**Q** 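There's a structure below that I have some questions on.
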4 protein chains.
Amino acid sequence: MMAEDAMETACRSGARAAAQRTRILQAAQKCFVEHGFHAASMATIAQTAEMSPGLIYRYFRSKSEIILAIIERQLEIVRERIGSLHVANDLAAGIADSFHAPTDCHDDMIIAPLFLETSAEATRDPQVGAAVAAVDTAVRTEFTRVLMRAREEGGYGLPEELATKRALMLLCLFEGLKVREAREPHLDHGLLESALGDILGLLLAPQSAEPAG
Amino acid sequence: MMAEDAMETACRSGARAAAQRTRILQAAQKCFVEHGFHAASMATIAQTAEMSPGLIYRYFRSKSEIILAIIERQLEIVRERIGSLHVANDLAAGIADSFHAPTDCHDDMIIAPLFLETSAEATRDPQVGAAVAAVDTAVRTEFTRVLMRAREEGGYGLPEELATKRALMLLCLFEGLKVREAREPHLDHGLLESALGDILGLLLAPQSAEPAG
Amino acid sequence: MMAEDAMETACRSGARAAAQRTRILQAAQKCFVEHGFHAASMATIAQTAEMSPGLIYRYFRSKSEIILAIIERQLEIVRERIGSLHVANDLAAGIADSFHAPTDCHDDMIIAPLFLETSAEATRDPQVGAAVAAVDTAVRTEFTRVLMRAREEGGYGLPEELATKRALMLLCLFEGLKVREAREPHLDHGLLESALGDILGLLLAPQSAEPAG
Amino acid sequence: MMAEDAMETACRSGARAAAQRTRILQAAQKCFVEHGFHAASMATIAQTAEMSPGLIYRYFRSKSEIILAIIERQLEIVRERIGSLHVANDLAAGIADSFHAPTDCHDDMIIAPLFLETSAEATRDPQVGAAVAAVDTAVRTEFTRVLMRAREEGGYGLPEELATKRALMLLCLFEGLKVREAREPHLDHGLLESALGDILGLLLAPQSAEPAG
DNA sequence: AATGAATGAGCCTTCATTCAT
DNA sequence: TATGAATGAAGGCTCATTCAT
């Protein structure tokens, strides 16, 4: 009721504030991975972030805003990854490795449970649905572009129609891997890598004559 | 007063009891799809089932038992579907169609949001994790078997190692489709069908000489 | 709404009805002893009485009416026991024996937990309080009368004032034994009997010269 | 901001926390006396304590923990009282006075309804049963010791066997008084005091020759 | 007379959020 | 900025009671 700088309604700015927000988001992500969006309580998040529950509300308006931020960050990671299709040499190995990576609070990974809950939430929350659809469309578009690009330019030289189909299937495949990560975490690493090698070989092979579907 | 001594699944037996259980499960499934496992309240489920909250507990011991029952039913559907790979003629079309099917309480469909939440839950609840892993392993095994079976016997005549890899990728692909269903519900139906046709053609093609990965 | 014999508002009459009431009361008593007045549910009582919950309400208007009936029966037993002071020979042994009697549904025993819960309830429910106080006063009066009666008439020949005091103390003693029964159920039987013999000897001894209080 | 690192009894520490715990326990005791352990609701307790229901759970894990705390406190009072037999002068008056003391939330009194419900609960809850039995045994032991102690040392000079019996009977008598307090709250004070004087005179009298039982 | 399915109020408990300090 | 005590609205679940059969 005294010094009350009421002009800062939303979030804060400045280096300190950013650090706090990051701290909270990392804690929240850890809790969400461990318990899910709903089962993770603000108290637990606060404890994990080693701060008081009240303080969190200085940086986020609500729990749902934190969830949105986490989802947004996950989408951001996807956006950052767009284009990694270039490096076709060890693609299978890279993807397979990220499969068995530890679920730590790595800030640059698509965490399977978060991905799944986000995808489910997309069917309920229009805001999430729109954001997710936008990113996915962008990814498919970029995938398609890379598949169409000439081989000598680091692409795969597929004709547009085929590239569009293959891009979609690639996306499904990668997302399916996230599902697999959650449902069968002890999946054999060697099998996974060679299976990926096989299918990527098929999908990205230079086109001469298509097999009859 | 009708067939009295029927299968005693859980708490009560009898035709009436079975009908009530079904009614509850359908209502619960609807609520879970709309709000998620944890956000759906027993009160909402009761209202959807057009009964009082207390009555539900005559047929299910707890909310979590209902969740488990729903999950178990979804897994059951998967089990029932194992082997549909045989019918390779319109496989792509069939899968694509089920993609755009209405999300009604149809009792024989794998509902995308439920599938995703279940997969996420598998990460946390060991009971769910075990059930899910068991089913998935069975599916992969059956997929592999079909891929290995001779063409004249309705199979695809793949050698074992390749069949194992392709089965895994097929599973990922199908699961990825469920993700897509949630994230991009308005995906173009024709594209999806032809993309599926293309990739299934690649994966299930008769083997003469493999393309170099 | 059809044949509705509305003239039977309260309980039923007839041999069958009485038997049912008894059956219910015995079941209720057993449940109350095991779980307490509040923790025992009507469903449990019904199950114990091997009848449906609904049927109970044909014979008792409410659970609280059953509780009252049980309390009333316990008081009745007390009333019936009034006057047993006559038989002074084996009084100590008799009391001590009833201490270690099995807690079965014996219909003619003062059950310790019921006695205690009833006494507690007496401080809350005026109806119970009044009934209990009435019985206790009667008991004290009768005790006093016996203590005053001449020895040759089966009494103890105490003067009125002393008899009044001793009657009160005897009542406390007996009630204290009920408490002991609940709190120290494995109390040594021999000790109890001889302790009772000792104190009864003191209290009921022929009066020549009183000790100075 | 005051004495910060105090005794950490349960969940929280600090002067404020202790005060809150006390506040809750006093409110709970009042409610338990008025309604009984099970009939008193957390909402009522919270209202009595003039706080929100949720806050109680900051200081107690559950209702049952509160009940246990109340019971434990009552037992503690008994422990503190052990040994008051010394002061034989006005013993009868003192006991009689405490009989008619107001039932306020005095923190150092054995409240009759609580005592009775606790005793009944001892029959059902093993934890309560054990605690109660332990205290009672201690009390009897101490009573016996005092009765055996030489008169010149503030005791009553009874031989061991007799002391054991009389100690048991004294305990019953005192407990019976608690029953009486609940069942006949308007019992004549003068009568009670003189009756106690009489019986204590008998039980604690110097031993020369026992009367024949 | 008898059943047991059904109701709905109320109970214990949790938790997102606020606010005095 | 930071705390954590406090709130109060649900949430899951139980149970006395009713009623169609």
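It should be emphasised that the depicted structure is a prediction, and the values quoted were computed from it without experimental measurement. To find a chain, count down the sequence lines: A is the first, B the second, and so on, and within it residues start at 1.
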**Q** From CD1 of A:I67 over to C1' of E:dA16, roughly how many Å is that when rounded to an integer?
**A** 11 Å
**Q** Without decimals, in angstroms, what is the distance between D:M51 CE and F:dG4 C1'?
**A** 15 Å
**Q** Quick one: is C:Y59 getting a side-chain N or O under 4.0 Å of the E:dA1 phosphate, OP1 or OP2?
**A** no
**Q** Are there more than 12 heavy atoms of other residues, nucleotides or ligands under 6.0 Å from atom CD of B:Q47?
**A** no
**Q** Figure out the CD1/P separation between A:I24 and F:dA2, and round it to whole Å.
**A** 10 Å
**Q** Going from CD on A:Q29 to CZ on A:R73, what distance comes out if it is rounded to the nearest 0.5 angstrom?
**A** 8.5 Å
**Q** For the CE atom of A:M51 and the CZ atom of A:R58, what is their distance to the nearest 0.5 Å?
**A** 12.0 Å
**Q** C:H35 NE2 to F:dC15 P: how many Å, rounded?
**A** 11 Å
**Q** Any protein N or O atoms within reach of nucleotides 18-20 of chain F? Criterion: under 3.5 Å, listing atom names and distances.
**A**
none

**Q** Looking at C:E65 and C:R61, would you say the former's side chain and the latter's main chain have a donor-acceptor pair under 3.5 Å?
**A** yes
**Q** Taking the nucleotide of DNA chain E with the nearest heavy atom to each, does A:S64 or D:A39 sit closer to the 5' end?
**A** D:A39
**Q** Under 3.5 Å, is there a donor-acceptor pair between the side chain of B:K63 and the main chain of B:F37?
**A** yes
**Q** With nearest nucleotide decided by heavy atoms, which residue, B:E50 or C:I56, maps closer to the 5′ end of DNA chain E?
**A** C:I56
**Q** Let me confirm one number: the CD1-OG distance from C:I56 to C:S62, rounded to the nearest 0.5 Å.
**A** 11.5 Å
**Q** For the backbone of A:A18 and the side chain of A:T22, can you confirm whether one donor and one acceptor N or O come within less than 3.5 Å of each other?
**A** yes
**Q** Give the dot-bracket line for DNA chain F from 5' end to 3' end: parentheses for intra-strand Watson-Crick or G-U pairs under 3.5 Å, square brackets for crossings, | for inter-strand pairing, dots for unpaired.
**A** .||||||||||||||||||||
**Q** Find the distance A:F60:CZ to F:dT1:C1' and express it as a whole number of Å.
**A** 16 Å
**Q** Reckon C:A40 touches a base, only the sugar-phosphate, or nothing at all at heavy-atom distances under 4.0 Å?
**A** sugar-phosphate
**Q** If you check the B:Q20 side chain, which of E:dT3, F:dT17, E:dA6 turns out closest?
**A** E:dA6
**Q** When you measure from the side chain of D:T44 to the backbone of D:A40, do you find a donor-acceptor pair of N or O atoms at a distance under 3.5 Å?
**A** no
**Q** Regarding A:E121 and A:R124, does a basic nitrogen lie under 4.0 Å from an acidic carboxylate oxygen?
**A** yes
**Q** In whole angstroms, how far is the C1' atom of E:dG4 from the CD atom of C:Q47?
**A** 12 Å
**Q** Tell me: CD1 of A:I45 to C1' of E:dT17, nearest whole Å?
**A** 13 Å
**Q** Can you check whether B:R16 has a side-chain N or O nearer than 4.0 Å to OP1 or OP2 of E:dA6?
**A** yes
**Q** Using atom CZ of A:R58 as one end and atom P of F:dA2 as the other, report the distance to the nearest whole Å.
**A** 8 Å
**Q** When you measure from the side chain of C:M42, which nucleotide among F:dA5, F:dT1, F:dA16 comes out closest?
**A** F:dA16
**Q** Would you say C:S52 places a side-chain N or O within less than 4.0 Å of OP1 or OP2 belonging to E:dT3?
**A** yes
**Q** Just wondering, more than 12 heavy atoms not from A:Q127 lying within 6.0 Å of its CD?
**A** no
